[in-house]
Asks: 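Questions regarding the structure given below will be posed in turn.
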Amino acid sequence: MTDTMRALVSGIGPDWVLREVPRPQPAAGQILVRNRAAATNNADLPMLAAADPTHGGHGNQFIAGFEYAGEVAALGDGVDGWQVGDPVMGSIPSSFAEYIVADQRFVLPRPGDLDPAVACALPTGLLTEHGALTAARFTAGQSVLITGASTGIGLIGAQLAKALGAAQVIGTSRTAAKRELLAEAGVDTVIVTDEQELTEATLDATDGEGVDVVLDHIAGQTFARCLPATKIDGHVVNIGRLAGPASTIDLDALSYRHLTVHGVSFGFTRDQEMADVIAALLPEVIPAVARGQIRPVIDSTLGLTQGKAAADRLRSGEAVGKIVLVMGN
């Protein structure tokens, strides 16, 4: 094992730059992971742009990326329950690199027969969507509406809800071209929002009652339309804000239906919260992954040396699912 590694670094220019950097060492309670593959996320491009010193960015250099899959390479003091060689995956900053260090509480077991180039595209979606369902007190037999269901994270949410026993999954997409993709992910009813009104279509699909749980990845006025589409005593969880953070809502729709609204953001500022969210995946979600019930949609697979191509693909807006970067030998 050498003292250096390759990594994609932000803060140099408009694209990630491949650099040779020092290999991290695991501190007490940490695991060193030999990374095999990493996946892109929605936050990658805004962070890249904010760091670009050639266009007014802050210029602070950092290793990019959030999702990885590989195997345990070394253990810090006090780590138990893991052994060198264990297949793992997870979500942690600085994942576009050949080696990663992570708090042992933040590491997930990777089913041994799941290729790292597939596994790396799962962790953020799994912990976010399951955390949101948990916040909404979801139980088997309930109905779920997923806005932005054709996004990478929305597709994982649809599969996850089905794997956990949702009786009905309704998913939205702006275009009819995504119907087949959503059906393959387990969506029972697809609402094409460029052609249908969200509230009306959801009520039509639920015999006028509305859904038990909403997982909203869009926000903006989509969030407002979700409220009257939710069953009395139902739960609405805002996860993403693709249409912007502002929404003008009808408080009658909220109050008269006795709805509970949740806002979630599972970052790394609350260690114990993150540890609890990740631990909650172990009883049911990771076994569902192992059974093949939950799989990410992979848009394309590139090498670590192709960082610019990955960023360009993200900027194009044409990617369907995750872009994966494989580390190579």
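Nothing here was measured: the structure is a model prediction, and the numbers come from that model.
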Asks: Look only at the side chain of R23 and the backbone of T2, and say whether a donor-acceptor pair between them is shorter than 3.5 Å.
Replies: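 Here the side-chain-to-backbone pair exists.
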Asks: Give the minimum heavy-atom separation between V326 and T301, together with the two atoms involved.
Replies: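 Smallest heavy-atom distance, with atoms named: CG1-CG2, 3.7 Å.
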Asks: Would V213 and I191 show up in the same hydrophobic cluster when neighbours are defined by side-chain heavy atoms closer than 4.5 Å?
Replies: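 Per the 4.5 Å side-chain linkage, V213 and I191 are not co-clustered.
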Asks: When clusters are formed by joining ILVMFWY residues with side-chain heavy atoms under 4.5 Å apart, either directly or through shared neighbours, do V324 and I63 land in the same one?
Replies: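 Different clusters.
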Asks: Kindly compute the distance separating CD (Q221) from SG (C226), expressed to the nearest 0.5 Å.
Replies: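 Q221 atom CD to C226 atom SG measures 11.0 Å (nearest 0.5 Å).
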Asks: Identify the residue among L281, V88, L122, V285 that makes a side-chain contact (heavy atoms from CB on, under 4.5 Å) with L108.
Replies: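 So the option named by the test is L281.
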Asks: Any chance the side chains of H217 and E129 put a donor and an acceptor closer than 3.5 Å?
Replies: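 Present: a donor and an acceptor within the cut-off.
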Asks: Apply salt bridge (Lys or Arg N to Asp or Glu O under 4.0 Å) to the pair R36 and E71, showing each step before the final yes or no.
Replies: CA-CA 8 Å; R36 300 297 180 183; E71 62 270 351; 2.5 Å; yes
Asks: Same cluster for V187 and V237 if Ile/Leu/Val/Met/Phe/Trp/Tyr side chains link at under 4.5 Å?
Replies: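 Yes: a chain of side-chain contacts under 4.5 Å links V187 to V237.
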Asks: Could you tell me the separation between the CG atom of D276 and the CG atom of L127, rounded to the nearest 0.5 Å?
Replies: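 Result: 12.5 Å between the selected atoms.
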Asks: Enter the distance from M47:CE to D52:CG here, rounded to the nearest 0.5 Å.
Replies: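 M47 CE to D52 CG: 14.0 Å, rounded to 0.5 Å.
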Asks: Does any pair with a residue in residues 300-312 pass salt bridge (charged side-chain N to carboxylate O under 4.0 Å, His left out), and if so which ones, sequence neighbours excluded?
Replies: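 For residues 300-312: K308-D312, D312-R315.
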Asks: Among L198, D250, T193, which residue meets the side-chain contact (heavy atoms from CB on, under 4.5 Å) test with R225?
Replies: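 Per the side-chain contact (heavy atoms from CB on, under 4.5 Å) rule, the option paired with R225 is L198, out of L198, D250, T193.
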Asks: Rounded at 0.5 Å granularity, tell me how far CZ in F96 sits from CZ in F62.
Replies: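 Reported value, rounded in 0.5 Å steps: 10.5 Å.
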Asks: So which atom in Q196 and which in V190 form the shortest heavy-atom distance, rounded to 0.1 Å?
Replies: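 Minimum heavy-atom separation between Q196 and V190: OE1-O, 3.8 Å.
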Asks: Identify whether V144 and L203 are in the same connected component of the hydrophobic contact network (ILVMFWY, side-chain heavy atoms under 4.5 Å).
Replies: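 Looking at the clustering, L203 is in a separate group from V144.
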Asks: Which distance, rounded to the nearest 0.5 Å, do you find between the OG1 of T139 and the CG of L164?
Replies: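 If we round to the nearest 0.5 Å, T139:OG1 and L164:CG are 10.5 Å apart.
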Asks: Hey, are the side chains of L215 and T147 touching, using non-hydrogen atoms and a 4.5 Å cut-off?
Replies: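 No; the side chains remain at least 4.5 Å from each other.
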Asks: Got more than 12 heavy atoms from elsewhere within 6.0 Å of CG, D194?
Replies: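 For D194, atom CG is crowded (more than 12 foreign heavy atoms under 6.0 Å).
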Asks: Hey, is CG on N42 packed in by over 12 heavy atoms from elsewhere, all under 6.0 Å?
Replies: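 No, because the 6.0 Å sphere around CG of N42 holds 12 heavy atoms or fewer from other groups.
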Asks: Are I31 and I286 in one and the same hydrophobic cluster, where Ile, Leu, Val, Met, Phe, Trp and Tyr link if side-chain heavy atoms are under 4.5 Å apart?
Replies: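 Yes, it is one cluster - the side chains of I31 and I286 are joined through contacts under 4.5 Å.
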Asks: Would V236 and L227 satisfy side chain to side chain contact (heavy atoms under 4.5 Å, CB included), going step by step from the backbone distance to the final call?
Replies: CA-CA 7 Å; V236 180; L227 301 181; 4.0 Å; yes
Asks: Specify the closest pair of heavy atoms between N41 and F66, including all atoms of both residues, with the distance to one decimal.
Replies: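 For N41 and F66, the tightest heavy-atom pair comes out as ND2-CB, 3.9 Å.
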Asks: Between K322 and D299, does any side-chain N to carboxylate O distance fall below 4.0 Å?
Replies: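 No salt bridge links K322 with D299.
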Asks: Would you name the heavy atoms of L325 and Q306 that are closest together and state the gap between them?
Replies: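 It is CD2-O, 4.5 Å.
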Asks: Would you mind writing out the side-chain donor-acceptor pairs for residues 172-182 within the sub-3.5 Å range, not counting sequence neighbours?
Replies:
| residue | atom | partner | partner atom | Å |
| --- | --- | --- | --- | --- |
| T172 | OG1 | G148 | N | 2.9 |
| S173 | OG | T175 | N | 3.4 |
| S173 | OG | T175 | O | 3.3 |

Asks: Might you confirm whether atom CD of Q83 has over 12 heavy atoms from other residues, nucleotides or ligands at distances under 6.0 Å?
Replies: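 Open: at most 12 neighbouring heavy atoms sit under 6.0 Å from CD of Q83.
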Asks: Between the side chain of R257 and the main-chain N/O of T230, is any donor-acceptor distance below 3.5 Å?
Replies: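 Yes, R257 side chain to T230 backbone: donor-acceptor pair under 3.5 Å.
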Asks: I'd like to know if D188 and K162 make a salt bridge, using a cut-off of under 4.0 Å between side-chain N and carboxylate O.
Replies: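 A salt bridge links D188 with K162.
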Asks: Determine whether the side chains of E20 and T4 contain a donor N or O and an acceptor N or O closer than 3.5 Å.
Replies: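 Judged by distance alone, the side chains do pair up.
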Asks: Find the distance between NZ (K231) and NE2 (H258) and round it off to the nearest 0.5 Å.
Replies: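 So the NZ of K231 and the NE2 of H258 are separated by 15.0 Å.
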Asks: Which atoms form the tightest heavy-atom contact between T202 and I170, and what is the distance?
Replies: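 Minimum heavy-atom contact is CG2-CD1, 4.2 Å.
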Asks: Apply side chain to side chain contact (heavy atoms under 4.5 Å, CB included) to the pair R295 and V289, showing each step before the final yes or no.
Replies: CA-CA 7 Å; R295 285 289 185 269; V289 172; 3.9 Å; yes
Asks: Can you check whether G125's main-chain N or O pairs, donor with acceptor, with T128's side chain at less than 3.5 Å?
Replies: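 No: the side chain of T128 does not pair with the backbone of G125.
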Asks: List the atom of A51, the atom of N60, and the distance in Å for their closest heavy-atom pair.
Replies: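 Heavy-atom minimum between the residues: CB-O, 4.2 Å.
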Asks: Mark yes when over 12 heavy atoms from residues, nucleotides or ligands other than D252 sit less than 6.0 Å from its CG; otherwise mark no.
Replies: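 Yes - once you tally the heavy atoms of other residues, nucleotides and ligands closer than 6.0 Å, there are more than 12.
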